Enquirer: 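Handing you this structure, nothing more for now.
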Amino acid sequence: MASDQLVEVRHLKQYFPVSGDGFFSRNWVKAVDDVSFSIPRGSTLGLVGESGCGKTTTGRTLLRLYEPTSGRIVYDGETIFDSGDVPLYDERGSVVTDKEGKPKYGKKTKVSMLPYRRKMQIIFQDPYASLDPRMTIGDIVGEAIDIHHLASSQEERREKIIRMLERVGLNSEHANRYPHEFSGGQRQRVGIARALAVDPEFIVCDEPISALDVSIQAQVINMLEDLQGEFGLTYLFIAHDLSVVKHISKRIGVMYLGKLVEMGDSNEITFHSCHPYTKSLISAIPIADPETSRNTHRIVLQGDIPSPVNPPSGCRFRTRCPYAEKCCAEREPEWKEVGPGHFCACHFADRFR
Ligand SMILES: Nc1ncnc2c1ncn2[C@@H]1O[C@H](COP(=O)(O)OP(=O)(O)O)[C@@H](O)[C@H]1O
Ligand SMILES: [Mg+2]
């Protein structure tokens with residue numbers, strides 16, 4: 001049965017060994033630590049959180065640019081990775097059990113990513129670092145077409161390149177120029193053209209506008225939205241700023257120190273968030289934004305994010321949470337459904353609703 005979820009991620013973990021550690025020591029950067037979400041076909045999931053909370057690692061692990069430490073990744077109904085120790089879930093999200101009521105687990109799986117490399121693309125945060133300075137714009141876009149054998153002649157290749165450049169607001173004259181001749185915004189358009197050139201279905205947009213001038217951020221966002229409609233694309237849209245994702249995303253997931261702390265429809269997260277961390281992100285949106293200023297309960301966070309090597313016990317946010325109590329250090333909060341499709345991991349979620 002075809003699922004309407006294009007992407008499903010269950011209990012995804014990505015631990016990096018701490019560099020400089022001895023061979024036998026077991027210290028890990030828990031960059032992504034048990035993250036689950038799904039993205040319906042044609043829709044956008046926004047992923048927000050401060051720098052270093054694991055957004056990029058989530059996106060890259062999902063594309064298997066990094067091999068997952070554990071978890072399950074299902075793409076278009078096909079399991080492309082399963083560590084074999086993750087329970088199976090039914091459509092309603094309940095664990096599938098055997099006759100004795102014990103959970104059933106998925107089968108250990110690791111498929112070749114070759115057929116998926118074309119369908120699953122990424123747009124990088126830094127349009128300066130992500131384009132080879134020695135290649136022309138035309139060849140950067142053309143390379144993607146070559147790798148996936150998507151043009152049967154030079155003529156067809158050239159046509160495709162021009163069509164893609166034009167679709168992102170550039171033109172045929174740009175094809176023979178080099179990245180250094182372009183502005184940040186234009187470079188990001190090249191990055192988008194490169195991702196689009198291979199007819200993808202799913203794109204991880206990793207902070208595609210955060211390195212760009214404020215004046216052109218909206219243009220690029222609008223373009224990504226138009227392209228989504230035109231090509232039926234599904235996005236995982238990463239940003240550190242909630243105000244950027246709330247317009248483009250149907251649903252939003254909020255990450256803190258390797259974990260999702262809250263997830264729900266964009267409006268629900270913006271106006272009825274029930275995690276103090278999400279509220280602090282909303283507080284960070286300038287009050288001049290009339291929509292969010294209604295959400296008047298302002299929280300300004302103190303201190304830095306703790307190290308993902310030794311995260312705090314219990315709730316990872318407790319060391320910066322103005323409402324933390326004793327139980328927050330003792331027990332990790334459950335991931336509870338607090339409203340239809342709205343999930344939150346806070347012992348006091350009800351209090352903040
Ligand atoms: N390749 C890597 N090796 C080791 N640690 C990494 C690697 N990539 C990211 N990290 C660490 O994982 C954590 C999450 O990083 P990242 O996913 O880049 O966060 P974000 O994109 O939210 O800023 C950070 O502590 C970062 O230093
Ligand atoms: Mg990042």
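Just so it is clear, the values below take in all heavy atoms, side chains as well, and ignore hydrogens, waters and symmetry mates. Both ligands and their constituent atoms are indexed starting at 1 by order of listing. Since this is a predicted model, take the numbers as computed values, not measurements.
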Enquirer: Quick one: look at V29 and ligand 1, take heavy-atom pairs under 4.0 Å, and tell me if it's side chain, backbone, both or neither.
Expert: side chain
Enquirer: Once you round to the nearest 0.5 Å, how far does OG of S94 lie from CG of L88?
Expert: 12.5 Å
Enquirer: Taking N or O atoms only and a 3.5 Å limit, does T57 qualify as a polar contact for ligand 1?
Expert: yes
Enquirer: Nearest 0.5 Å, what's the CD1-CD1 distance between I252 and I269?
Expert: 6.5 Å
Enquirer: Starting from atom 14 (C) of ligand 1, locate the nearest protein heavy atom and write down its residue, its atom name and how far away it is, to 0.1 Å.
Expert: G52 O, 3.3 Å
Enquirer: Is E100 salt-bridged to K102, going by a charged N under 4.0 Å from an acidic O?
Expert: yes
Enquirer: Does atom 23 (O) of ligand 1 have any protein heavy atom closer than 4.0 Å?
Expert: yes
Enquirer: What's the shortest distance from atom 1 (N) of ligand 1 to any protein heavy atom, and which residue and atom give it?
Expert: F16 CE2, 3.7 Å
Enquirer: State, with a plain yes or no, whether a side-chain heavy atom of M263 is found less than 4.5 Å away from one of H342.
Expert: no
Enquirer: Which of the atoms in ligand 1, numbered in the order shown and given with their element, are less than 4.0 Å from a heavy-atom of S51?
Expert: 23 (O)
Enquirer: Decide whether R189 and Q219 meet the rule of one side-chain donor and one side-chain acceptor closer than 3.5 Å.
Expert: yes
Enquirer: Considering only non-hydrogen protein atoms, determine which one is nearest to atom 18 (O) of ligand 1 and report residue, atom name and distance to 0.1 Å.
Expert: T56 CB, 3.8 Å
Enquirer: With K110 as the cation and F81 as the aromatic partner, state whether NZ or CZ is under 6.0 Å from the six-membered ring centre and within 45° of the axis.
Expert: no
Enquirer: Give the atom numbers and elements of ligand 1 that come within less than 4.0 Å of a heavy atom of P308.
Expert: 25 (O)
Enquirer: How about atom 7 (C) of ligand 1: does it have a protein heavy atom within less than 4.0 Å?
Expert: yes
Enquirer: Can you tell me how far apart CG (L233) and CZ (F202) are? Round to the nearest 0.5 Å.
Expert: 10.5 Å
Enquirer: With heavy atoms only and a cut-off of under 4.0 Å, state how C53 meets ligand 1: side chain, backbone, both or neither.
Expert: both
Enquirer: Could you say whether the N/O atoms of G54 and ligand 1 ever approach to under 3.5 Å?
Expert: yes
Enquirer: Has G49 got any heavy atom lying under 4.0 angstrom from an atom of ligand 1?
Expert: no
Enquirer: So does T56 have any N/O/S atom less than 2.8 Å away from the Mg ion (ligand 2)?
Expert: yes
Enquirer: Could you state whether V35 and Y89 fall into the same hydrophobic cluster, counting links through intermediate Ile, Leu, Val, Met, Phe, Trp or Tyr residues with side-chain heavy atoms under 4.5 angstrom apart?
Expert: no
Enquirer: Check this for me: does any side-chain nitrogen of one of D76 and R41 sit under 4.0 Å from a carboxylate oxygen of the other?
Expert: yes
Enquirer: Considering only non-hydrogen protein atoms, determine which one is nearest to atom 12 (O) of ligand 1 and report residue, atom name and distance to 0.1 Å.
Expert: A31 CB, 3.2 Å
